Amino acid sequence: MELNQNQSLEFKECVRRTLPPQACQSWLNSLQLLKITPSKVVICGIPHKIYRYEIKTNHEPLLKKVLDELYPEKAPFSEKKFEYKIGCSTSRKKTVQTEFDLNQEQFVTKIDDPELKKTKPVRQTESAVESSCYNLLDSYIPGKRNLLAFRASRAIVDMPGVAFNPFVIYGESGAGKTHLLDGINNELQQSTPNKKTVQVSAEDFLNDFINHLRSSKMKEFRDRYRKVDAFLMDDLQALVPSSKCQVELLHTINALRKKKAQIVIASQEAPTQISKLSSGLRGRLESGLTVDIGIPDDKTRIAILESKAKESGIPLNDELAKFIVQHIKGGIGRMEGVLLRLGVHASLLNEELTVDLARCALKDWLEDSAQTSKSLEHAQGKFTDETEKKILQRICVMFQISEEGLHSYRRDRKHTKARQAAVYLLKQLTSLSLSEIGTIVGRNHSTVHATLKKVRERMSKDDFFQKQMQTFLQEFEEKSFPYHSLEQNRSYRF
């Protein structure tokens, strides 16, 4: 007997009412009673293999009792075999992995059982959101630090090849660069399905280049990457070992720009920061828009954490979300690991997720984050404001100008050099983003980025200016900062 949607919902509600109040019920959200035969019962919609283990171990007797009451003519269910399937029956052709996918609330995937494929798909409930196996820009959660990158990505989708070409996104691992790349690529394919896009990691691009070079098939390689309408590359820094591949990428970018194809590059560092990047490639990338995506602030991380918890079926209250964000540092990948670990504890131990449970389950990460925060507190956290003041005061004394003059738009040599020095030192000695530095000196993100480029040029030509900066850095190393912390904080290499 195949069950329709109403029968499945009735079964689920009966199970929900029968479960004890303290039991974890998140696995019930997408549960579906699919089929009852003389020898077995098929249940699908299990959001994760962890929940399948929990249901079979802790709740199967309860399911049998509910089914005995609902379908006495099919009883006894204690003699039937229960089969649990990850996902639920669907007419969609694409499979979806929901664990931590930001664009859905319900786990939906194909079932490999041939018998189940013959059955009619069960329709999703009205509360379910349209699922997608791709990252989209709409599923990206923008915050203060990544808002510019998000809006620029949206502009690129609206005006590919016209707005910000090439577009370079850089930032630490886990900041969301790959999500933006996926979002741009997938939305370009949706909006213009007749156009061709290619998204590749720099490592795959390098390996592809080497293989085609060895087999003397470079024309095939060039056609693959140059005859497209959008070219997206992740982890640019992986090309550093190969100067030949960097030259090939430069020619690829030039060919794509000539035909007005969109170019998007993601990297852990800005092109100016990658010391072994060829000058030609660096210059070409700098001709477009370069954006520092930054690590999401706590407010944004809480929103991301809650969204991922909801979609992976893990009950996470506001208090617990704030505790995790405040005590565990790192990128989005670590947040996913936190959720998975909490989900395992809640499921297998059948315990309610609380802050106390999190302290126990995440003890190693909490200790690691506490030690990291303590070692970097002096350089990056508690004394940031004091460091800013010291830098600005020292600059004013060094160049004999007032603080008002430093923030002014005066373009004489003295004020220009002082402003460049301030931007450079703030970047070297603090963990501030370019946008935050711009706020301090009264300039915008793009101006700060351009100023850092001018500082590099000035230091290569003006030995006295370079010596001034080195002396300043040494003073702070000796008086204010541990050397190793300072080295970690420096981003611009000359």
Side-chain angles (χ1 to χ4, degrees), residues 94 133-136 149 152-153 156-157 159-171 173 177-291 293:
K94 297 179 180 178
C133 58
Y134 302 114
N135 284 326
L136 297 173
S153 300
I156 284 171
V157 172
M159 298 180 291
V162 178
F164 319 131
N165 201 22
F167 177 46
V168 180
I169 313 167
Y170 73 94
S173 177
K177 304 183 298 296
T178 303
H179 191 132
L180 285 179
L181 245 64
D182 291 343
I184 293 172
N185 184 40
N186 294 323
E187 295 206 11
L188 284 175
Q189 290 179 347
Q190 287 186 5
S191 60
T192 53
N194 60 322
K195 292 188 176 182
K196 184 179 179 182
T197 69
V198 60
Q199 182 177 346
V200 63
S201 69
E203 182 182 8
D204 289 342
F205 184 86
L206 175 58
N207 291 334
D208 205 14
F209 170 76
I210 292 171
N211 291 334
H212 281 83
L213 187 63
R214 287 175 176 172
S215 58
S216 300
K217 295 181 179 180
M218 286 305 296
K219 184 180 184 302
E220 178 183 322
F221 174 84
R222 287 162 182 156
D223 288 346
R224 175 179 300 177
Y225 294 107
R226 298 184 188 183
K227 292 185 177 181
V228 296
D229 299 290
F231 173 82
L232 303 96
M233 175 181 283
D234 202 358
D235 294 324
L236 173 68
Q237 68 279 352
L239 294 186
V240 165
S242 174
S243 57
K244 290 184 179 180
C245 190
Q246 290 185 43
V247 172
E248 187 63 35
L249 177 60
L250 173 60
H251 292 320
T252 298
I253 291 175
N254 288 337
L256 291 169
R257 277 171 56 94
K258 189 175 181 180
K259 59 179 288 190
K260 298 187 183 303
Q262 180 64 53
I263 302 154
V264 184
I265 307 288
S267 175
Q268 289 186 4
E269 298 177 307
T272 53
Q273 299 171 258
I274 305 176
S275 58
K276 294 184 180 180
L277 200 66
S278 68
S279 57
L281 181 56
R282 181 187 293 116
R284 176 55 68 199
L285 294 175
E286 290 174 350
S287 66
L289 176 64
T290 302
V291 175
I293 192 172

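All of these numbers come straight from a predicted model, not from anything done at the bench.
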Asks: For Asn185 and Thr197, run side-chain hydrogen bond (donor to acceptor under 3.5 Å, both in side chains): C-alpha distance rounded to whole Å, both residues' side-chain angles, the deciding distance at 0.1 Å, then the answer.
Replies: CA-CA 7 Å; Asn185 184 40; Thr197 69; 2.6 Å; yes
Asks: List in chain and number order the residues that pass side chain to side chain donor-acceptor pair (under 3.5 Å) with Glu220, two or more places apart in sequence or in another chain; answer none if no residue qualifies.
Replies: His212
Asks: Do Val168 and Pro271 come close enough that some side-chain heavy atom pair is under 4.5 Å?
Replies: yes
Asks: Tell me whether Lys259 contacts the main-chain N or O of Val228 through its side chain, where contact means a donor paired with an acceptor under 3.5 Å.
Replies: yes
Asks: Work out which heavy atom in Ala230 is nearest to a heavy atom in Ala261; give both atom names and the distance.
Replies: N-CB, 4.5 Å
Asks: Report yes if the side chains of Leu181 and Gln199 come closer than 4.5 Å at any heavy-atom pair, otherwise no.
Replies: yes
Asks: Could you check whether any side-chain heavy atom of Leu285 comes within less than 4.5 Å of a side-chain heavy atom of Leu236, counting everything from C-beta outward?
Replies: yes
Asks: For a 4.5 angstrom cut-off between non-hydrogen side-chain atoms, does Gln262 reach Asp229?
Replies: no
Asks: Working to the nearest 0.5 Å, report the span between CD1 of Ile274 and CG of Leu281.
Replies: 8.5 Å
Asks: Answer whether the closest heavy-atom distance between the side chains of Ile263 and Arg257 falls below 4.5 Å.
Replies: yes
Asks: To check you understand the geometry: which heavy-atom pair defines the closest contact between Ile293 and Gly171, and what is its length?
Replies: CG2-CA, 3.8 Å
Asks: Measuring from Thr252:OG1 to Phe205:CZ, what's the distance to the nearest 0.5 Å?
Replies: 4.5 Å
Asks: If you round to the nearest 0.5 Å, how far is OH of Tyr170 from CD1 of Ile265?
Replies: 15.5 Å
Asks: Is it the case that the side chains of Thr178 and Asp234 hold a donor-acceptor pair, with the cut-off being a distance below 3.5 Å and no angle test?
Replies: yes
Asks: Could I get the full list of ring-ring contact (aromatic ring centres under 6.0 Å, His included) partners for Phe164, not counting sequence neighbours?
Replies: none
Asks: Tell me which donor-acceptor pairs under 3.5 Å the side chains of residues 238-249 have, and how far apart each pair is, sequence neighbours excluded?
Replies:
residue : atom : partner : partner atom : Å
Ser242  : OG   : Cys245  : N            : 3.0
Gln246  : OE1  : Ser278  : N            : 2.7
Gln246  : NE2  : Leu239  : O            : 3.4
Gln246  : NE2  : Val240  : O            : 3.3
Gln246  : NE2  : Lys276  : O            : 3.4
Glu248  : OE1  : Arg222  : NH2          : 3.2
Glu248  : OE2  : Arg222  : NE           : 3.0
Glu248  : OE2  : Arg226  : NH2          : 2.7

Asks: Using only atom types and a distance under 3.5 Å, with no angle test, would you say the side chain of Lys177 pairs donor to acceptor with the backbone of Ile169?
Replies: no
Asks: Would the Tyr225 and Phe221 ring centres measure less than 6.0 Å apart?
Replies: yes
Asks: Please confirm whether the backbone N or O of Leu188 pairs with a side-chain atom of Ser191, one donor and one acceptor, at under 3.5 Å?
Replies: yes
Asks: Counting only N and O atoms by type, is there a donor-acceptor contact under 3.5 Å from the side chain of Asp208 to the main-chain atoms of Asp204?
Replies: no
Asks: For Leu277, does its backbone N or O pair with a side-chain atom of Arg282 as donor and acceptor, under 3.5 Å?
Replies: yes
Asks: What is the minimum heavy-atom distance between Phe167 and Ala149, and which atoms define it?
Replies: CZ-O, 4.0 Å
Asks: Nearest 0.5 Å, what's the CE-CG distance between Met218 and Asp223?
Replies: 10.5 Å
Asks: Going through the distances and angles, do Lys260 and Val162 end up as a side-chain contact (heavy atoms from CB on, under 4.5 Å)?
Replies: CA-CA 7 Å; Lys260 298 187 183 303; Val162 178; over 6 Å; no
